[in-house]
Protein chains: 2
Amino acid sequence: MRLSTKGRYAVTAMLDLTLNGSDGPVTLAEISETQGISLSYLEQLFAALRSKQLVKGVRGPGGGYYLGREADEISIADIICAVDEWVEFTRCGGNRDCQDGKRCLTHNLWDDLSNEIFSFLQSITLAELVERGGLKEQGCRKEKEKASIMPTATADTAAA
Amino acid sequence: MRLSTKGRYAVTAMLDLTLNGSDGPVTLAEISETQGISLSYLEQLFAALRSKQLVKGVRGPGGGYYLGREADEISIADIICAVDEWVEFTRCGGNRDCQDGKRCLTHNLWDDLSNEIFSFLQSITLAELVERGGLKEQGCRKEKEKASIMPTATADTAAA
DNA sequence: TTATAACCAAGTAAATGACTAGGTAATTAT
DNA sequence: ATAATTACCTAGTCATTTACTTGGTTATAA
């Protein structure tokens, strides 16, 4: 699993589509301006998203992009995998150079964790994200409320 | 949040420490050979881990590395943040260039998601990972069992 | 028929990833 | 004391990835 700023760009753009796609298609130019992402970079990202049927393009004036399916049918994992490519690491060949099982053991553990992260991201849809996070505290609250949400310093969550 | 192969290297190495640190410190040379990671690269990663007190170095012959605290006190998020640096994106300044609240809205949504991923990774400790994943199916199973778990090629899971 | 948009290809500067080379410093064994 | 072993440190390198630019082509609505 890879999760970089590229994936964030894609998710952000898809969120934009979700929020603004109800009244006609959204142009990349709009997303570019609103989200502060280069137009051509967006085109590249959307080429990947389109190839996975996550968005639908409409050409010509008045055109733009729609979501490829309903917002509750698109998971965050779908989006990230489309642009970031799910890198298949470890896997040490299954048999070759398995150092006393030690290497494979840790690799298996990482695989397990990796799978958990994946299914976690797969369990969150665009629709859900918009429902719980966005609409209640809309707009641009100054700054202080958000700081309390950040988990940076907290050490409370311990339940698996 | 960034989650790359660099973070995987760090987690893998820390897992190695967890599994083998009970009888004396583990040398980077051992980890390098067992896990197939360059020694100098490990040194760089461990410099970061050490600065965050996640590992303790012991110099001289017979030296090596211990975990900095108990395995159930070290979360995956701790490790990844140490080496990958938690990049604080979005946040659009709180006030400036807030495009009708649109940009901030999507950024808030991403922040929420980012926080969830973080607290998810913070909820998993090294000790937990070893307990559930590793010990039951130890060693290097040939290959087929693992394939069924991997979500790479499947397109079935769509339910949230 | 013209403007608007999606589409496409190639190249680029900067950052990152993973590694190499060549050290110094502390500690144990001889 | 001396030598071996290990952590620890700095700098540099090459390939890949990021994010972007330039310069197109197609399709479609006005």
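Sequence lines set the chain letters: A, B, ... in the order given, protein chains first and strands last, and positions in each chain run from 1. Note that this is a predicted model, so its numbers are computed, not measured.
With rounding to whole Å, A/L17 atom CG is found 10 Å from C/dA6 atom P. Across the protein-nucleic acid pair, B/R50 atom CZ and D/dC8 atom C1' stand 6 Å apart, rounded to whole Å. Atom pair B/F46:CZ and D/dT6:P shows a separation of 15 Å (rounding to whole Å applied). The NZ atom of B/K56 sits 12 Å away from the P atom of D/dC8 (whole-angstrom rounding). As a whole-Å value, the separation of B/L49 CG from D/dC9 C1' is 16 Å.
The two residues A/S32 and A/S38 have their closest heavy-atom pair at OG-C, 4.0 Å.
Between B/T125 and B/E73, the closest side-chain pair of non-hydrogen atoms is not below 4.5 Å. Put simply, the side chain of A/L54 reaches to within 4.5 Å of the side chain of A/R69, judged on heavy atoms. With a 4.5 Å cut-off on side-chain heavy atoms, A/N20 and A/T34 do not count as touching. For the pair A/F120 and A/I124, the minimum side-chain heavy-atom distance is below 4.5 Å. A heavy-atom distance below 4.5 Å is not found between the side chains of B/V11 and B/M14. Between A/L126 and A/L67, some side-chain heavy-atom pair lies under the 4.5 Å cut-off. Contact of the B/L42 side chain with the B/Y65 side chain is not registered, since no non-hydrogen atoms from C-beta on lie closer than 4.5 Å. Two residues are said to be in side-chain contact when any heavy atoms from C-beta on lie closer than 4.5 Å; A/H107 and B/T12 meet this criterion.
The environment of CD in A/E70 is sparse: at most 12 heavy-atom neighbours from other residues, nucleotides or ligands sit within 6.0 Å.
The only option from A/L45, A/I79, A/L49, A/V26 that meets the side chain to side chain contact (heavy atoms under 4.5 Å, CB included) definition with A/V55 turns out to be A/L49.
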Using atom names, set out every protein N or O paired with an N or O of nucleotides 27-30 of chain D below 3.5 Å, distance rounded to 0.1 Å.
residue, atom, partner, partner atom, Å
D/dA27, O4', A/R59, NH1, 2.7

Output a table of nitrogen or oxygen pairs between the protein and nucleotides 18-22 of chain C separated by less than 3.5 Å.
residue, atom, partner, partner atom, Å
C/dA18, OP1, B/T5, OG1, 2.3
C/dA18, OP2, B/T5, OG1, 3.4
C/dA18, OP2, B/K6, N, 3.4
C/dA18, OP2, B/Y41, OH, 2.9
C/dC19, N4, B/Q44, OE1, 3.4
C/dC19, N4, B/Q44, NE2, 2.5

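Here A/S75 pairs with A/A77, A/D78, A/Q122 under the side-chain contact (heavy atoms from CB on, under 4.5 Å) rule; sequence neighbours left out. Under the side chain to side chain donor-acceptor pair (under 3.5 Å) criterion, A/D16 pairs with A/Q35, sequence neighbours left out.
Contact annotation: A/Y65 side-chain N/O to C/dC7 OP1/OP2 distance is under 4.0 Å.
Rotation axes derived from the C1' atoms of the five outermost pairs at either end of the helix from C/dT1-D/dA30 to C/dT30-D/dA1 lie 10° apart, to the nearest 10°.
Within residues 20-32 of chain A, no residue has any heavy atom closer than 4.0 Å to DNA chain D.
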